[in-house]
Amino acid sequence: MGAVPGVALGTYELFTTFLHHSLAPRRCQNQQMIRAVRTRDLVVLLGSLAAIAGVTAALRTLPDVSPTTAALALLLAVLGAATLARLRVAIAVSLVAMLTLNFFFLPPLGTLTIADPQNWIALVAFLVVAIIASNLSAAAQERTREAVARRNEVTRLFDLTRDVLLTTETAGAVEVLARHVARRFELPTVAICLPSDHGWQIYQGGAQDVSVDPAELNSALARARGALEFDARRRAYGGTVHAGAHGEVALVPLRQGTKAIGLLAAGSPTLDIGTLDALAGVVAIAIERTQFLAERDAAALVRQKADLAASLLASLSHDLRTPLTAARVAVENLRGELRPQERQEQSAAAMVELERLTRLVQDILDMARIDAEAIRIERQWVTGADVVDAAIAHVRHAVGGRALRVEADEQAEVEIDPRLTSVALSHVIENAAQYSAADTPILVRATVDGDGLHLSVRDKGPGLDPGELEHLFERFYRGRASRLGSFGTGMGLSISRGLLAAEGGRIWAENAPDAGALFSIIVPGRVRRAVAAS
């Protein structure tokens, strides 16, 4: 009996040492997950010890309990711990259950000594069964965790792919891509490294910047451009290296096909190499897509310029020829013998055509200023009535004889550029006069409120084609009906939008509730009550 305390003390020290190492923190980036796992293991351990104590107390109240019954009851507590916690916790619970079985249910009771050799076999068998069952349960848990991790990996890759497809802007696309990678995979430090003529371009995506020596980047890229081999164990292609003094940054090649175009740098990653390699593949596809989008936009711009040049040449060749021909005929007639009334009519006709020609040249100059962003803003205090009067005077040749209904505010002034606003309004009024019947009125309304100047032009024409609403303000665009029934360059509404945009205004079009088209304009500016003229 003297050896019993020594055996108990040695067993206790072995158990406490094992428990200390089983709960020691492992190196991992996600400290919150470590704390959660440790807390769960501690709770399961305490719960299992409480269950062993409860089972022991319950069995001790029963008379003539066999060791087999006690072993099976204690084995349930061990299996519960193996199901809910890690293997090391289950093994610790198995040791406690074995000691409990020995102390309370194997004779001699109340000691850790074993009198019958057969009880050694039973005790060892209990411990082996408990450890095997714990190992099987832990293996099943590990496979479950791996399956969940693979599912999360596929889900995150899918979400990242969707982010890539929703990105249509080419400017700053790589920076946005790096932020998407950091957000989807919860990486605190990640960067996309692309070589350039002037060194490396590093696009940071995480909350912390990745710092890698350019020499290490050059070495990693050179290694990635070697033979391409797939490592089935790590589920990754070759070329991945770790940089930094302690290997804290993983450098994964970005490949387009078999060509390495850059590196994905992940600092202290919690993801395995296979996941990082798959992630790098998606990033490489996204970069290639960005390049294709940039090339497409450049090609579309070249095509648009060619179309604009062709449209401008076609429009100007017609619209310049018409007033020039009419003016030349009128001047030729003035050279002959005409009565005073006829001479006056020919002079008026020549002046009308010259005004049309002047307006066409002015439209070309306005379009050029809009393209060059060379429009000067000169704000003045004016009323809505002043702007409407200037616009009507600007297009008096186009609205001559038309019924104009003007509702303009004269009680408040707004600080805007009156020239730009009136010219923009004049194009809208001219458009309404051109595409509505001559015997129908045109309503022009101007109001001033806290937002600035509100202008609207409404006609009683056939209205707007819903399919053409989004194209109305494109330069040289003319609807199907206008191409068949009227002349024009298609620059008027585009010029209006450009002039208004220069002073912070906007214009839009819609069909009126009953009939006709309704064009609305808002020009922001400070507002005050109109100053009475002295």
Side-chain angles (χ1 to χ4, degrees), residues 26-37 142-194 200-212 217 220-221 224 230-231 234-237 239-244 247-257 260-294:
R26 298 173 59 188
R27 182 179 180 183
C28 182
Q29 180 66 26
N30 195 337
Q31 295 297 331
Q32 183 177 2
M33 184 171 61
I34 291 179
R35 289 193 295 268
V37 172
E142 183 64 25
R143 286 194 293 269
T144 301
R145 284 192 292 268
E146 289 180 357
V148 172
R150 296 294 175 262
R151 182 200 64 189
N152 294 338
E153 174 186 330
V154 173
T155 301
R156 290 176 174 180
L157 287 174
F158 173 77
D159 292 339
L160 179 61
T161 304
R162 183 168 52 186
D163 292 337
V164 170
L165 294 177
L166 293 177
T167 302
T168 57
E169 298 294 334
T170 56
V174 182
E175 292 92 338
V176 174
L177 175 62
R179 291 195 293 269
H180 285 325
V181 171
R183 178 171 59 89
R184 290 298 184 189
F185 287 85
E186 300 178 358
L187 295 174
T189 54
V190 65
I192 298 175
C193 308
L194 300 178
W200 284 86
Q201 292 182 341
I202 300 180
Y203 303 93
Q204 304 287 348
Q208 304 173 6
D209 290 346
V210 177
S211 179
V212 183
L217 294 176
L221 185 61
F230 183 76
D231 188 345
R234 300 199 305 172
R235 302 181 300 112
Y237 288 94
T240 300
V241 298
H242 289 77
E248 67 274 8
V249 178
L251 301 178
V252 186
L254 302 175
R255 290 189 174 93
Q256 292 180 358
I261 63 168
L263 298 168
L264 177 67
S268 300
T270 58
L271 305 176
D272 57 28
I273 296 299
T275 303
L276 284 175
D277 191 73
L279 175 59
V282 175
V283 172
I285 294 174
I287 294 175
E288 186 176 20
R289 180 177 180 271
T290 301
Q291 296 171 350
F292 287 156
L293 289 177

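Not counting sequence neighbours, the partners of Leu293 by the side chain to side chain contact (heavy atoms under 4.5 Å, CB included) test are Thr170, Arg289, Arg296. In this structure, the side-chain hydrogen bond (donor to acceptor under 3.5 Å, both in side chains) partners of Gln201, at least two apart in sequence or on a different chain, are Tyr203.
Of all heavy-atom pairs between Gly205 and Ala182, the closest is O-CB, 3.3 Å. Across all their heavy atoms, Gln256 and Ala284 have their closest contact at NE2-O, 3.8 Å. For Ala265 against Cys193, the heavy-atom pair with the smallest separation is CB-SG, 4.2 Å.
For the atom pair CD of Glu288 and CG of Leu254, the computed distance is 12.0 Å after rounding to the nearest 0.5 Å. In this structure, CZ on Arg179 lies 11.5 Å from CD on Gln204, to the nearest 0.5 angstrom. For the atom pair Leu194 CG and Ile287 CD1, the distance stands at 4.5 Å (nearest 0.5 Å). Between the CD atom of Gln208 and the CG atom of Leu187 there is a distance of 11.5 Å, given to the nearest 0.5 Å. The CD1 atom of Ile202 sits 9.0 Å away from atom CG of Asp209, with the distance rounded to the nearest 0.5 Å.
Considering Leu263, Leu264, Val210 in turn, Leu264 is the only one that fulfils the side-chain contact (heavy atoms from CB on, under 4.5 Å) rule with Ile192. With Arg184 as reference, Asp159 is the one residue of Leu279, Val282, Asp159 to meet the side-chain contact (heavy atoms from CB on, under 4.5 Å) rule.
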